[in-house]
Colleague: 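Here it is, the structure, as structure tokens.
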There are 2 protein chains.
Amino acid sequence: MRIGELSARSGASVRSLRYYEEQGLLTAGRDSAGRRRYPESAVARVALIRRGFAASLSSRVIADLLPLLEAACVPRSRALLDAERQRLEAQIAAMTQARTRLDEVIALVTDPTRKCDA
Amino acid sequence: MRIGELSARSGASVRSLRYYEEQGLLTAGRDSAGRRRYPESAVARVALIRRGFAASLSSRVIADLLPLLEAACVPRSRALLDAERQRLEAQIAAMTQARTRLDEVIALVTDPTRKCDA
DNA sequence: TCGGGACCTCACACCAATGTCAGCTTTTAG
DNA sequence: CTAAAAGCTGACATTGGTGTGAGGTCCCGA
């Protein structure tokens, strides 16, 4: 199929599909006019790629992961994914801490002698 | 005081102090040679600015907030901060959902017939 | 008078996926 | 035949606090 159809069937924009290719996540053949041609399996591949993005994985990590998944190499895939999970946890922790800081500021603003001109 | 001393006393880099000024968070006088001069109160102001950043506020929001704090306008400050808190909560929720997605991928990889070549 | 340190402005780099525009070719419908 | 639709490449914008470097001014001590 061509890129427009893949876009419609996968939900990814045409721009995104070209980007995935640029990042080495998706390969495409070319027809005589230079247009990308995709096999049926590309739909599933894009779905997997998008799952990765939805899981906050970067294109780089997805590029590393896809070959491992194809090779069905569980331990290595796990190692990669666990590291990403840890990164994500750290980010969540950072934002949670920021929320605590924000609550402190809110308390600071709210508690003292309150006066307002508007 | 000059920018180097303010940097040392506040913990913010010289670069950051200039950036704060550019964003309208911090004002500075100039001496005859064009160098920035800060009053003692600048130390406290930078501390407050940095608290804002630590609470994940953007320079834009801090710029809006500082005048309200100076006017001791609690309700408006609260409105602003509450809105930011909500934004932060939404981000935390998004990342938490991403973690769930990641866990799904991990389950997907881990569960099936496991085999590995490395 | 010379060296160096502190300061100045301007500006690019970073991270990263996507939107969008420009300018072009090819295919296809009418 | 022609116009529209679909595709192509290439490139810039977005977001934002900070690092870093170039190139210049100024001031102080030796």
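The basis for the numbers below is simple: all heavy atoms, side chains too, and nothing from hydrogens, waters or symmetry mates. By convention in this document, chain letters (A, B, ...) are assigned in the order of the sequence lines, proteins followed by strands, and residues within each chain are numbered from 1.
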Colleague: Where do N or O atoms of nucleotides 20-24 of chain D meet protein N or O atoms at under 3.5 Å, pair by pair?
Modeller:
residue : atom : partner : partner atom : Å
D:dT20  : O4   : B:Arg15 : NE           : 3.1

Colleague: What is the distance, rounded to the nearest whole Å, between atom CD of A:Glu22 and atom C1' of C:dA17?
Modeller: 11 Å
Colleague: For B:Leu17 and C:dC7, give me the distance from atom CG to atom P, rounded to whole Å.
Modeller: 10 Å
Colleague: Could you tell me how far apart B:Gln91 (CD) and D:dT15 (C1') are, to the nearest whole angstrom?
Modeller: 12 Å
Colleague: Say whether, by atom type as modelled, one donor and one acceptor occur between the side chain of A:Ser77 and the main chain of B:Val109 under 3.5 angstrom.
Modeller: no
Colleague: Using whole Å, what does the distance between atom C1' of nucleotide C:dT20 and atom OH of A:Tyr19 come to?
Modeller: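 Atom OH in A:Tyr19 sits about 16 Å away from atom C1' in C:dT20.
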Colleague: Measure the distance from CD on A:Gln23 to P on C:dA16 and round it to the nearest whole Å.
Modeller: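 Interatomic distance, CD of A:Gln23 to P of C:dA16: 10 Å.
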Colleague: Could you give the CD-to-P distance, from A:Glu5 to D:dA5, as a whole number of Å?
Modeller: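 The distance from CD of A:Glu5 to P of D:dA5 comes to 19 Å, rounded to the nearest Å.
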Colleague: Quick one: do A:Arg15 and A:Glu22 make a salt bridge, cutoff under 4.0 Å?
Modeller: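 No salt bridge links A:Arg15 with A:Glu22.
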Colleague: The side chain of B:Ser16 lies closest to which of these nucleotides: D:dC8, D:dT18, C:dC8?
Modeller: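 Of all the options, the side chain of B:Ser16 is nearest to D:dT18.
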Colleague: Short question: side chain of A:Thr96, backbone of A:Ile92 - any donor-acceptor pair under 3.5 Å?
Modeller: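 Flag set: sc A:Thr96 to bb A:Ile92 pair under 3.5 Å.
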Colleague: Measure from CD1 on A:Ile3 to P on C:dT26 and round the result to the nearest Å.
Modeller: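 So the two atoms are 18 Å apart, to the nearest Å.
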Colleague: Please determine whether side-chain hydrogen bond (donor to acceptor under 3.5 Å, both in side chains) holds for the pair A:Arg50 and A:Ser16, giving the CA-CA distance in whole Å, both sets of side-chain angles, and the decisive distance to 0.1 Å.
Modeller: CA-CA 10 Å; A:Arg50 300 195 86 204; A:Ser16 293; over 6 Å; no
Colleague: Taking the side chain as every heavy atom from C-beta outward, state whether A:Tyr19 and A:Ser13 have any pair of such atoms under 4.5 Å apart.
Modeller: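 A side-chain contact is absent here, since even the closest heavy-atom pair is not under 4.5 Å.
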Colleague: Reading DNA chain C from 5' onward, which residue's closest nucleotide shows up sooner: B:Arg30 or A:Ser13?
Modeller: B:Arg30
Colleague: When rounded to the nearest 0.5 angstrom, what is the spacing between OG in A:Ser58 and CG in A:Asp64?
Modeller: 8.0 Å
Colleague: For the pair B:Arg36 (side chain) and B:Leu17 (backbone), establish whether a donor and an acceptor sit closer than 3.5 Å, ignoring hydrogens and angles.
Modeller: no
Colleague: Between D:dC8, C:dT9, C:dA6, spot the one nearest the side chain of B:Arg2, thanks.
Modeller: C:dA6
Colleague: Using a 3.5 Å distance criterion without hydrogens, assess whether the side chain of A:Ser56 forms a donor-acceptor pair with backbone atoms of B:Ala98.
Modeller: no
Colleague: Taking only heavy atoms on the protein side, list every residue of residues 31-63 of chain B lying under 4.0 Å from any atom of DNA chain C, sorted numerically.
Modeller: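 Output list: B:Gly34, B:Arg35, B:Arg36.
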Colleague: Between B:Arg101 and B:Glu104, is there a salt bridge with N-O shorter than 4.0 Å?
Modeller: yes
Colleague: Just report the end-to-end axis angle for the helix from C:dT1-D:dA30 to C:dG30-D:dC1, five pairs per end, to 10 degrees.
Modeller: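 Inter-axis angle at the ends, rounded: 30°.
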Colleague: Side chain of A:Arg2, backbone of A:Tyr38: donor and acceptor closer than 3.5 Å?
Modeller: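 A pair under 3.5 Å: no.
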Colleague: Counting N and O atoms only, with roles assigned by atom type, does the side chain of B:Ser10 sit under 3.5 Å from a partner on the main chain of B:Leu6, one being a donor and the other an acceptor?
Modeller: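 Checking the backbone N and O of B:Leu6 against the side chain of B:Ser10, a donor-acceptor pair under 3.5 Å is found.
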Colleague: Salt bridge check: are A:Glu40 and A:Arg9 linked by an N-O gap of less than 4.0 Å?
Modeller: yes
Colleague: Taking only side-chain nitrogens and oxygens of B:Tyr20, does any of them come within less than 4.0 Å of OP1 or OP2 of D:dT18?
Modeller: yes
Colleague: Rounded to the Å, how far apart are B:Glu21 CD and C:dT9 P?
Modeller: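 To the nearest whole Å, that distance equals 7 Å.
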